Amino acid sequence: TFKSVRAAEVAALFAWTALGNNDRVGGLVFSEKGHQEVKPARNRKSILRFLSAITTFNHALSIQQTAQTAAPNSTRKFTINDALTELSRLAKPGSLIVLISDFRHVDEDTEKHLSTLAQHNELIFVRTLDPVEEHLPSAGIYPVSDGEETLIIDSRSQTTQQQYQQWVTQHNSFLAELATKFRAPLINASTLNSASSSLHSLLSTLGR
């Protein structure tokens with residue numbers, strides 16, 4: 001399935017599980033176009049609003065819509081760092097914050113935002129991951145587009161393969177270091193595995 005779909009499934013599992021434990025549930029859903037907040041509450045309506053927001057944002061991810069709304073002088077994109085800034089305002093101290101993302105665009109500023117959140121909250125990282133992100137496809141030439149730009153990937157090149165694997169290793173190490181620094185379990189939610197397996201993996205990690 002798509003990473004966005006897997007993220008939605010994981011979010012739904014966490015939300016309903018939390019409500020089942022009589023916890024308040026809220027969230028912040030974002031894309032490069034903006035975000036939507038759902039304030040924490042202890043009821044089904046809050047969760048349904050949260051899941052509805054996720055569904056709306058997922059439906060807006062099509063390449064066709066991206067291409068139609070693209071403009072040369074478009075406004076700055078909403079980033080994960082912007083989302084974490086908003087989350088710092090939304091989350092009350094003592095919250096359990098589950099960050100579900102592919103973490104593709106984390107940087108030093110992301111680390112600063114996470115440090116602020118971790119001071120008074122518990123963090124869990126759930127990384128949505130597609131196998132093609134870990135290894136380039138078999139030898140060939142592949143055009144890849146986000147609706148605005150097209151990139152040609154030549155996986156026949158051994159140099160390209162080596163450089164990509166080096167980047168993958170560095171990126172994975174950076175995420176692992178972030179998780180360790182903030183004592184946050186890091187769970188991979190693969191597009192090949194069910195969302196429930198990610199939750200079971202997390203509970204196993206936490207010893208629950």
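If you're wondering where the values come from, they're calculated on a predicted model, not measured in any experiment.
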Locate the shortest heavy-atom distance separating Ile54 from Ala11; write the atom from each residue and the value. CD1-CB, 3.7 Å
Test side chain to side chain contact (heavy atoms under 4.5 Å, CB included) on Phe174 and Val106; report intermediate values, then the result. CA-CA 9 Å; Phe174 178 64; Val106 295; 3.5 Å; yes
Are any side-chain N or O atoms of Asn172 and backbone N or O atoms of Thr169, one a donor and one an acceptor, separated by less than 3.5 Å? no
Of all the heavy-atom pairs spanning Val168 and Glu133, show the shortest one and how long it is. CG2-O, 3.4 Å
Return the minimal non-hydrogen interatomic distance between Val126 and Ala189, and the atom names on each side. CG1-CB, 3.9 Å
Between Asp154 and Ser157: side-chain donor-acceptor atoms closer than 3.5 Å: no
When you measure from the side chain of Ser155 to the backbone of Ser138, do you find a donor-acceptor pair of N or O atoms at a distance under 3.5 Å? yes
Between Asp107 and Thr110, do the side chains contain a donor N or O and an acceptor N or O under 3.5 Å apart? yes
Before giving the answer on side chain to side chain contact (heavy atoms under 4.5 Å, CB included), spell out for Leu129 and Thr191 the whole-Å C-alpha distance, their side-chain angles and the decisive distance to 0.1 Å. CA-CA 6 Å; Leu129 181 67; Thr191 56; over 6 Å; no
Heavy atoms of Asn121 and Gly94 approach each other most closely as OD1-N, 3.3 Å
Which heavy-atom pair separates Glu134 from Gln165 by the least distance, and what is that distance? O-OE1, 2.9 Å
Students often mix this up, so state it plainly: with edges at 30° and 60°, are the rings of Phe30 and Phe78 parallel, tilted or perpendicular? tilted
Might you confirm whether atom CD of Gln158 has over 12 heavy atoms from other residues, nucleotides or ligands at distances under 6.0 Å? no
For Phe182 and Glu111, work out which heavy atoms get closest and say how close. CZ-O, 3.5 Å
Would you check if there is a donor-acceptor pair between the side chains of Arg49 and Asn43 at a distance under 3.5 Å? no
